[in-house]
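Note on naming: letters A, B, ... go to the chains in the order of the sequence lines (proteins, then strands), and numbering restarts at 1 for each one.
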2 protein chains.
Amino acid sequence: MDKEIRRTMPVFPMSIVQKLTGLSARQIRYYEQHQLIHPERTEGNRRMFSLNDVERLLEIKSLLDEGVNLAGIKHVLNMKPLENEHPSSRSEHPKKDLSNADVMKYLKTELIEAGKYGKSSLIQGELSRFFH
Amino acid sequence: MDKEIRRTMPVFPMSIVQKLTGLSARQIRYYEQHQLIHPERTEGNRRMFSLNDVERLLEIKSLLDEGVNLAGIKHVLNMKPLENEHPSSRSEHPKKDLSNADVMKYLKTELIEAGKYGKSSLIQGELSRFFH
DNA sequence: AAATGATGTAAGAAATCCTAACATGCCTTG
DNA sequence: CAAGGCATGTTAGGATTTCTTACATCATTT
């Protein structure tokens with residue numbers, strides 16, 4: 001009964017998550033500071049990550065590669081916290097299940113709005129010069 | 001491509017393996033010392049365990065509960081190292097796939113032999129008093 | 001030019017893990 | 001029954017890893 005390792009169990013230390021995601025410790029801590037992830041802590045205050053945390057970090061990395069900034073990533077990830085949160089830290093989120101298509105639609109409208117008003121609320125750098 | 005976590009990847013530190021298996025650090029190190037497991041090491045010499053290592057430890061624990069001693073467990077586990085070894089530490093083992101029935105048969109003959117000669121090569125304590 | 005966002009780096013403290021050694025309790029054996 | 005071996009607990013000192021905080025850097029935005 002204890003044999004199965006749940007996806008929400010905090011089992012990976014920082015060093016392993018760095019190797020698994022290719023992110024630096026600085027980045028990972030920064031994303032936590034900005035509420036993109038919520039890793040657990042040991043009694044001694046060391047971060048411990050679950051499989052879901054790692055996958056979430058990979059999502060973040062992927063979105064970063066696409067030029068989305070942290071504020072934008074936060075919006076996207078907050079739309080589907082149901083499967084990524086630890087059971088301990090879950091609260092009364094507005095949990096709507098949404099598909100990849102929904103996320104893309106959201107990002108596209110954000111982009112269009114940004115283009116209209118000459119201000120990108122989500123994208124910085126690369127893509128932002130396509131709108132002005 | 002990096003998203004899938006292989007069963008042989010060393011990802012769990014000692015503290016997590018203790019919680020996952022219910023074994024003490026002393027026990028885990030002792031089993032390694034006696035070649036029952038072969039966890040990897042970080043650059044800084046810290047043990048890092050794979051999922052297979054953890055499952056192997058659970059097998060060990062289960063066999064211990066049944067009264068099998070370390071020498072016996074070593075025999076049993078050495079009969080099926082193909083799926084439990086790290087790819088890095090694999091060598092030209094006589095890798096025969098064997099079923100639970102095979103293992104049980106092996107254990108039973110060992111028990112019978114032990115009974116015959118008045119010496120238990122595998123079992124100590126509980127069961128040993130059934131033979132003498 | 002100044003402000004902001006994202007990340008790197010460094011320092012000092014604290015937590016975790018390492019090995020080695022000695023202690024303990026239970027069997028087994030002579 | 002005493003001696004030895006097995007499996008584990010405990011302790012000590014040292015090394016490694018992680019933590020927080022602060023400051024630096026570089027690109028982008030205002």
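In this structure, the nucleotide among C/dC17, D/dT18, D/dT20 sitting nearest to the side chain of A/Arg41 is D/dT20. Residue B/Thr42 places its side chain closer to D/dT17 than to any other of D/dC23, C/dC18, D/dT17. Listed candidates were C/dG8, D/dT8, D/dT18. Nearest to the side chain of A/Pro13 is D/dT18. If you check C/dC17, C/dT7, D/dT8 against the side chain of B/Met14, the one that comes closest is C/dC17. Residue A/Leu64 has its side chain nearest to C/dT7 when only D/dT17, C/dT7, D/dA7 are considered. Side chain of A/Asn69, nearest nucleotide from C/dA6, C/dT16, D/dT10: C/dA6.
Rounded to whole Å, the distance from CE on B/Met48 to P on D/dT16 is 14 Å. Distance B/Asn45 CG to D/dT17 P: 9 Å, rounded to the nearest Å. Rounded to an integer number of Å, the gap from B/Lys61 NZ to D/dA7 C1' is 16 Å. Atom pair A/His34:NE2 and C/dT4:P shows a separation of 13 Å (rounding to whole Å applied). For the pair A/Ile60 CD1 and C/dG5 P, the interatomic distance rounds to 17 Å; values are reported in whole Å. In this entry the distance linking OH of A/Tyr31 with P of C/dG5 reads 15 Å, nearest Å. Between the CG atom of A/Leu36 and the C1' atom of C/dG5 there is a distance of 13 Å, given to the nearest Å. Counting to the nearest Å, the P atom of C/dC26 and the CG atom of B/Leu70 are 18 Å from each other.
Under 4.0 angstrom from either OP1 or OP2 of C/dC18 there lies at least one side-chain N or O belonging to B/Arg29. For the pair A/Tyr30 and C/dA6, the criterion of a side-chain N or O lying under 4.0 Å from OP1 or OP2 is met.
Put simply, the side chain of A/Arg46 and the base of D/dT17 share a donor and an acceptor less than 3.5 Å apart. The base of D/dT18 lies outside donor-acceptor range of the side chain of A/Arg47, with no N or O pair under 3.5 Å.
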- Message: Using the rule given for side chain to side chain contact (heavy atoms under 4.5 Å, CB included), can you reason through B/Arg47 versus B/Arg41, listing the C-alpha separation, both sets of side-chain angles and the distance that settles it, and then say yes or no?
- Response: CA-CA 5 Å; B/Arg47 269 168 270 253; B/Arg41 299 287 183 124; 2.9 Å; yes

- Message: Run A/Lys19 and B/Met9 through side chain to side chain contact (heavy atoms under 4.5 Å, CB included) and show every step you take.
- Response: CA-CA 11 Å; A/Lys19 290 184 182 170; B/Met9 280 189 81; over 6 Å; no

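Here the shortest heavy-atom pairing between A/Leu63 and A/Val76 reads CD1-CG1, 4.3 Å. Considering all non-hydrogen atoms of both residues, B/Val11 and A/Ile16 come closest at O-CG1, 3.4 Å.
For the residue pair B/Ser50 / B/Asp53, a side-chain donor-acceptor distance below 3.5 Å is found, with atom types taken as modelled.
Of the residues near DNA chain C, A/Glu43 and B/Glu32, the one whose nearest nucleotide (by heavy atom distance) lies more toward the 5' end is A/Glu43. Residues B/Arg26 and B/Gly44 both approach DNA chain D. Their nearest nucleotides, taken by heavy-atom distance, put B/Arg26 toward the 5′ side.
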